[in-house]
A.B. asks: 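Structure provided below as C-alpha cells; questions to follow.
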Amino acid sequence: MESTTATVKPQFSEAAKAEIARLFEHYPAERRKSALLPILHIAQAEFGGWVSPEVQDLVAETIGILPIEVYEVSSFYTMFNLKPVGQHVLEICRTGPCMLRGSDELTAQLERLTGAKVGETSSDGLFTLKEVECLAACGTAPIVQVREKYYEQLDTPEAVDAMLAELRNLVHRPLLPWEQTGLAHSQQ
Amino acid sequence: MGRKLLTEHINVPGIDTFEVYRKHGGYRSVEKALKTMTPDEVVEEVKKSGLRGRGGAGFPTGMKWSFLAKPEGVPRHLVCNADESEPGTFKDRELMTKLPHLLIEGMITSSYALGANTSYIYIRGELLYVLRILERAIAEAYAKGYLGKNILGSGYDLDLHVHPGGGAYICGEETALLESLEGKRGNPRNKPPFPAVQGLYARPTVVNNVESIAAVVPIVNDGGDEYAKIGIGKSTGTKLISACGHLNKPGIYEIELGVPVEEFIYSDEYCGGIWKGRDLKAVVAGGSSVPILPKELILKTAAGENRLMTYESLSDGGFVTGTMLGSGGFIAMDETTCIVRNTWSFSRFYHHESCGQCSPCREGTGWLEKVLHRLEHGHGHMHDIDLLVSVAKQIEGNTICPLGEAAAWPVAAAVRHFRHEFEWHVTNPKEATRPGAYFSAKAALV
Amino acid sequence: MAKITFDGIEIEVPDGTTILNAARKIGGNIVPPAMCYYTPIKGTGGKCRACLVKVAAGSAKDPRPMPKLVPSCITTVQDGMVVENTTNQSVLDVRKGIVEMLLINHPLDCPVCDQAGECDLQNFAFEHGVATTRYEEERRTFEKIDIGPYIQLHMTRCILCYRCVYTADQLTERRVHGVLGRGDAAEIGTYIDNIIDQDFSGNVIDVCPVGALTDKTWRFKSRVWFTKPVNAHRDCGNPKCSGNVVLWYKGKDVLRVTARKDEYGEVKEWICNECRFEKKETADWTLEGPAHIDSSSVISANHYELPVVNPQVIADLPESSVRDLENNPPLKLGR
Ligand SMILES: Cc1cc2nc3c(=O)[nH]c(=O)nc-3n(C[C@H](O)[C@H](O)[C@H](O)COP(=O)(O)O)c2cc1C
Ligand code: SF4
Ligand code: SF4
Ligand code: FES
Ligand code: FES
C-alpha cells in the first residue's frame, strides 16, 4: 500500500476497483477516458501520495488507453505528484490574496519548522512542502491544504503549530477517500 | 439589509441534508418546473430575470440557453463550472459546502429546461472534500426520487455526476473544462465551434457557473420578473461577493447588485472597513484578472459619481478609469501594499497556469513574470516599464482563450495607475525588495 | 462556392475552405505564414498564431468586421468575406510580436543547426520579424535526446506546434510521444525512456517546422544547401507507403531520404520508415530527376534550380552555391 517499487507491478485494491467501476458508469461507454482524472486521484491516494510511471501504466491499462495519454495528463495537472513525497504534502497557497495576508511569512515559518525547503521533503520523511496557486479560500488566508483538508487562517504561530501537531499525531494511515464515506449511490 | 435569495438559510444546522433543506422550501423549483412548466417556459423565466453569468464574463444566461443547438437524436449536456480558481474568488466553494442541495436543485431545474439527461458538475480537484459532500447529497436526491428515472412521475430522466479536476486554473475556461472532462489535458479549444453546438463529446453543451445555476432556483420559484426587480439596469438580482485582502471582515456577502462600493467596503453590514485602521490603497474588484483601481477610482468614477457594485458602474470609464465586476472576487489592499510585488504575484500565477498552447500566452506570460520579478527584486530598468506594457499588448487579443487577456490586463492596469511605484523600484533598487518599503519612503517624504 | 476578397484580390473557393487555403490558391507574397497548421494532418492549426489576419467584413449577409484577428488556418470563408493580411499594418505588427514570442525561448544557433535552410521559423523570422530582441532573460534549454534508433529530439528548438503529436496519432499504430507539462515548461517527450519506432513514425521529422526532430541516419551531416535533391521512387511493399521520395545527394552518396513537400512545406504522400531510413543506395531507387524545391526557404531560395540533365549521372550535377550565413544572411524571400 506504500510507495511502489519498480519491480512489482502495482495492483488496485478491491475497494479501488469497485470505485473505478462506479466511475466508469458516469460516462458513455466509448468515453471511458473521461474517468482518467478521478482514477489518477484514486491511484495517488492508494499508492503513497504519488503516481509512479508504473502506476500510471496501470491507470492506462485500467482504462484501455495508451500510457502516453496518461503521462500527458498527469504532467499537466499540478495535483499529481510525479516523484515520491513525504507522508504529508503541505500545499501552501502563494497567490496574491494569500500573500496580502502573510503567505510569504507562513512559507518561511514552515520551512523553518519542518527543515525542508519548498519542493523538498523533511529529513524525517513526514512533510513535503509544495507551493500552489489560489485554493479558493482567500477569505480565510493564509492557507495550507493537506490531502483533502484545508487549514485556514494560519496567520499566528499557534495555528501553525496546531496544524503540524495534528499532522504529526496522525500516525495511522489516512483513510482512503472511498473508505471515509459510503459513496456508492444507486444510479437507477 | 438586502434580500438573500441564495444564502438565506446557509447557516441553518443540517441544511446540507435533504430533510432540512426540503423543510426550508428546497426543491420547490423542481416540482414547479417539472409539473407545471414546459422546458421553454423555464428558459423564458431565466431570460426575463436578466440573470448574467456569475462565472466572470457576465453573459446573459437565458440567451446562452436559447443558443443551445438541438439536433434530433443527439444528447445534450449541462455542465456546471465549479472549477473556482480565479484568485480572490471563493464563493462557489462555500455555496457547495454548505448548500449542496441548492446546486443540485438548480442543476435539475436547469437540465430540464435544456433537455439534458446527463449533467456534470466539474469541480476543481483541490476540493475533493466538497465533491464528497456533493456526492452524498446527490445520493440523497436519487433516493428521494429527484434524480434518476422519471423524476416525480414527470417522465423526465436525469443523471447527475460530479467530476474532479486535477489542479489547473485554465480548466475554468469552459472549453478547457470540457477537454478535461473528456480526460485530456486542459487545452482550451479554438472557437468556433462553440460548446452550444459542439461541446462535451462534440454534443451541444451549456456550461454555467455554480452561482448562475443556483440563481435559477429563486428565478423559477418567484418568477423572472420578481428577480429582475432587484438590482439596477442590466445588473439584476443578487450576487455573491468574495471579499478578501486587507479587510476587517473578509468573507462572502450576498449583495443586491447596486450597493455602493464605499458602503460595501466600510459599512459593518459588509466588510467593516480596512484592517488595522489603515487607509485603502487599491482594489481588484472582480478576481485577479480584472484591472486594479486606486482608491479614488474604485470609490468614485472618473466623472465623480459613486461607484456601485454593478456590471455597468464598475466598468464605467472602460479600462482607462474603470474595471469589471468579473467573478466578484473583491481584493482590497491597504496603503502599505507594494503594487509591484502584488502584480508580480498575479503574473507568476498566469505564467504558472498558462496551458502553453498558443505562443503569445505561453511565452508572453513567462516574460511578464520575469520582468516583474526583476523590477520587484531591484534589478529593473526604466525601459522595463514600457516593455511590460508592450508585451501585455502583444498577448492581448491574439490568443486562443481569454487567459491571455487575463494575464495582460492586470499588468497594464498596474502600470497605468501606479507607474510612479514601478519607477520608484527602479530608482531605489536596494529598498525595492523590502515589503512596504515604498510606503515608508513615501511617508518619510511628507 | 464562396467569393472572398483577400488583400484586395477576389477569389472563389468551395464552401468550407479555410482563409489560409483560399490565400494559397491566390499564391505569392500575400499568403499568411503558418507554423502549426498542416493541411494533411487533422486537428492541427490555431496554436502558433502566426497566420492571424483581419476579417474586415464577415460575410455578405453580416458584413460587420470580426472584433479580433482570426487564425486564417482554421477559420472558414463565408461568401462576401473581406480579409486583410499584408494590406493591414496591425496584422503585420501583431505578426512581428508573434515572431518575437516564438524566438524568446528559441536558441540562436541557426548557423550550426541542421535544419538551417529548411526551417520554417528561420524563414518566418527573416520575413516578418525584427532584427533585435528585447528579451534579456535566460532561454530555456534541454539536452538533446535520442528517441529510438532513427530520430533525435532537440527540444530546445521546439515551438510546440503539436504537429508531430497529431502526426504520430494519425499515422502510427501506437503513439509513444506527446506534450508533457504545461505553459512554457511544456515539452515534447516520451516521459519514460521509450523509443519511437512504429512504422511511419519517421514522418514526424518531415512535419516538424524547426530542427527539433531530426533524422539520426542522415549520413555525414551536411548543410542542406550543399546537397542535391533528386526525386525518386521505388516499389515499396507497404500498401500505405507512396514510395515517392526525395533523395538528398552529396556527390554519389544519398545522405538522407525525405517525403516530397509542396511549396508550403507540406507532405502530401507519406513514406514508411524502411524507405526513409534503410534505403540509402541509389540502386534502391528509380530516379526521376532533380527535385524542384519550391519551399519558401530563404537560405535555399534559388539554389536548387538545377539544369535538367540525365538524372542517372548524379555526380555530374553542379552543387548548389554556398552562401555565408552569418555574414550575409539573405533577407528577403524570393518566392
Ligand atoms: C482562464 C479562465 C478561467 C475561468 N475560470 C472560471 C471558473 O473558475 N469558474 C467559472 O464559473 N467560470 C470561469 N471562467 C469562465 C468560463 O469560461 C465560462 O464563461 C463560465 O463558466 C460560464 O458560466 P456563466 O455564464 O454562468 O458565468 C473562466 C474563464 C477563463 C478564460
Ligand atoms: S491563451 Fe494561454 S491558456 Fe489560453 S489557450 Fe493560449 S496558451 Fe493556453
Ligand atoms: S518537435 Fe517539431 S513538430 Fe513536434 S511540436 Fe515541436 S516543433 Fe512541432
Ligand atoms: S489566494 Fe490563497 S486561497 Fe486564494
Ligand atoms: S498556422 Fe494558424 S495558428 Fe498556427
Side-chain angles (χ1 to χ4, degrees), chain A residues 23 25-28 30-41 45 63 65 69-70 72-80 91 93-101 103-104 131-141 145 147-150 177-178 180-188, chain B residues 84-90 92-94 118 120 124-129 132 135-136 138-140 142-143 148-149 159 161 163-169 171 180-186 201 242-246 250-252 284 288 329 331 333 337 341-342 345-346 348-349 352-353 355 435:
Chain A
L23 286 172
E25 304 268 300
H26 292 182
Y27 314 99
E30 71 285 5
R31 297 287 189 166
R32 278 161 59 111
K33 187 176 172 180
S34 274
L36 178 49
L37 285 175
I39 294 180
L40 275 169
H41 283 298
I63 301 175
I65 56 177
E69 295 180 76
V70 179
E72 283 180 322
V73 165
S74 64
S75 63
F76 184 91
Y77 297 91
T78 51
M79 288 184 74
F80 304 113
E91 303 190 283
C93 174
R94 68 177 188 187
T95 316
C98 274
M99 193 157 101
L100 291 175
R101 307 274 306 204
S103 64
D104 289 345
E131 276 187 333
V132 298
E133 301 290 356
C134 181
L135 289 167
C138 330
T140 41
Q145 175 170 27
R147 284 191 193 242
E148 299 194 13
K149 183 159 177 182
Y150 276 40
W178 48 95
Q180 292 173 358
T181 51
L183 291 176
H185 57 258
S186 120
Q187 300 291 319
Q188 261 34 259
Chain B
E84 189 164 67
S85 328
E86 171 91 359
T89 317
F90 47 97
D92 299 340
R93 176 175 80 112
E94 173 102 344
T118 309
Y120 296 92
R124 63 179 296 182
E126 290 85 346
L127 297 181
L128 281 181
Y129 80 94
R132 300 187 204 297
E135 288 209 325
R136 211 177 298 129
I138 287 175
E140 285 183 293
Y142 268 106
K149 295 251 176 303
D159 280 316
H161 308 295
H163 181 100
Y169 164 67
C171 291
S180 183
L181 187 41
E182 292 181 5
K184 302 180 196 155
R185 298 163 58 83
Y201 310 135
S242 326
C244 62
H246 297 151
I252 292 147
V284 175
S288 62
I331 311 167
M333 299 172 205
T337 309
R341 187 169 182 76
N342 198 68
S345 160
F346 283 161
R348 177 176 63 180
F349 171 81
H352 186 257
E353 300 300 330
C355 84

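Letters A, B, ... are given to chains in the order of the sequence lines, protein chains preceding strands, and every chain is numbered from 1. Here the structure is a predicted model, which means the values were calculated and not measured.
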A.B. asks: For H352(B), is it the side chain, the backbone, both or neither that has a heavy atom under 4.5 Å from a heavy atom of chain A?
C.D. replies: side chain
A.B. asks: Measuring heavy-atom distances to chain A, does C355(B) have an atom under 4.5 Å in its side chain, in its backbone, in both, or in neither?
C.D. replies: both
A.B. asks: Who wins among G329(B), A243(B), G186(B) for the most heavy-atom pairs under 4.5 Å with chain A?
C.D. replies: G186(B)
A.B. asks: Where is the tightest heavy-atom contact between S180(B) and Y77(A), given as atom of each residue plus distance?
C.D. replies: OG-OH, 2.9 Å
A.B. asks: Between Y201(B) and S34(A), does a side-chain contact (heavy atoms from CB on, under 4.5 Å) hold up when you go through it step by step?
C.D. replies: CA-CA 10 Å; Y201(B) 310 135; S34(A) 274; 2.7 Å; yes
A.B. asks: How close do G125(B) and H41(A) get, counting heavy atoms only, and between which atoms?
C.D. replies: CA-NE2, 4.2 Å
A.B. asks: Give me the ring orientation class for Y27(A) and H163(B): parallel if the planes are under 30° apart, tilted from 30 to 60°, perpendicular past 60°.
C.D. replies: perpendicular
A.B. asks: Looking only at heavy atoms, what is the nearest atom pair of C134(A) and E86(B), with distance?
C.D. replies: SG-O, 4.3 Å
A.B. asks: As an exercise: rank I63(A), T95(A), T140(A) by heavy-atom pairs under 4.5 Å with chain B and give me the winner.
C.D. replies: T95(A)
A.B. asks: To the nearest 0.5 Å, what is the distance between OG1 (T337(B)) and CE (M99(A))?
C.D. replies: 9.5 Å
A.B. asks: Closest heavy-atom contact between R101(A) and P250(B)?
C.D. replies: NH1-CG, 4.1 Å
A.B. asks: Under 4.5 Å between any side-chain heavy atoms of L23(A) and H161(B), yes or no?
C.D. replies: no
A.B. asks: For T78(A) and Y169(B): C-alpha separation, side-chain torsions, deciding distance, then whether side-chain contact (heavy atoms from CB on, under 4.5 Å) applies.
C.D. replies: CA-CA 10 Å; T78(A) 51; Y169(B) 164 67; over 6 Å; no
A.B. asks: Would the distance check show the side chain of R348(B) and the main-chain N or O of R94(A) forming a donor-acceptor pair, the cut-off being under 3.5 Å?
C.D. replies: yes
A.B. asks: If we define contacts as heavy-atom pairs under 4.5 Å, which of S74(A), A141(A), A35(A), P97(A) has the most with chain B?
C.D. replies: P97(A)
A.B. asks: Closest heavy-atom contact between G88(B) and C138(A)?
C.D. replies: N-SG, 3.3 Å
A.B. asks: What part of E72(A) gets closer than 4.5 Å to chain B, counting heavy atoms only: side chain, backbone, both or neither?
C.D. replies: both
A.B. asks: Counting heavy-atom pairs under 4.5 Å to chain A, which of G183(B), S345(B), P87(B), G166(B) comes out on top?
C.D. replies: G166(B)
A.B. asks: Between E353(B) and chain A, which part of the residue has a heavy atom less than 4.5 Å away: side chain, backbone, both or neither?
C.D. replies: side chain
A.B. asks: Yes or no on side-chain contact (heavy atoms from CB on, under 4.5 Å) for K33(A) and K184(B), after CA distance, side-chain angles and deciding distance?
C.D. replies: CA-CA 8 Å; K33(A) 187 176 172 180; K184(B) 302 180 196 155; 4.0 Å; yes
A.B. asks: What part of T89(B) gets closer than 4.5 Å to chain A, counting heavy atoms only: side chain, backbone, both or neither?
C.D. replies: backbone
A.B. asks: For L181(B), is it the side chain, the backbone, both or neither that has a heavy atom under 4.5 Å from a heavy atom of chain A?
C.D. replies: both
A.B. asks: Can you tell me which portion of F349(B) sits under 4.5 Å from chain A's heavy atoms? Options are side chain, backbone, both or neither.
C.D. replies: both
A.B. asks: How long is the span from the CD atom in E148(A) to the CD atom in E126(B), to the nearest 0.5 Å?
C.D. replies: 11.5 Å
A.B. asks: Hey, does the side chain of R93(B) reach the backbone of A136(A) with a donor-acceptor pair shorter than 3.5 angstrom?
C.D. replies: yes
A.B. asks: By a 4.5 Å heavy-atom criterion (distance strictly below it), what part of E69(A) contacts chain B: side chain, backbone, both, or neither?
C.D. replies: neither
A.B. asks: With only heavy atoms counted, which part of R32(A) is less than 4.5 Å from chain B, the side chain, the backbone, both or neither?
C.D. replies: neither
A.B. asks: Quick one: does any side-chain atom of Y120(B) pair with a main-chain N or O of H26(A) as donor and acceptor, under 3.5 Å?
C.D. replies: yes
A.B. asks: For chain B, which of L36(A), L100(A), V73(A) has the most heavy-atom pairs under 4.5 Å?
C.D. replies: L100(A)
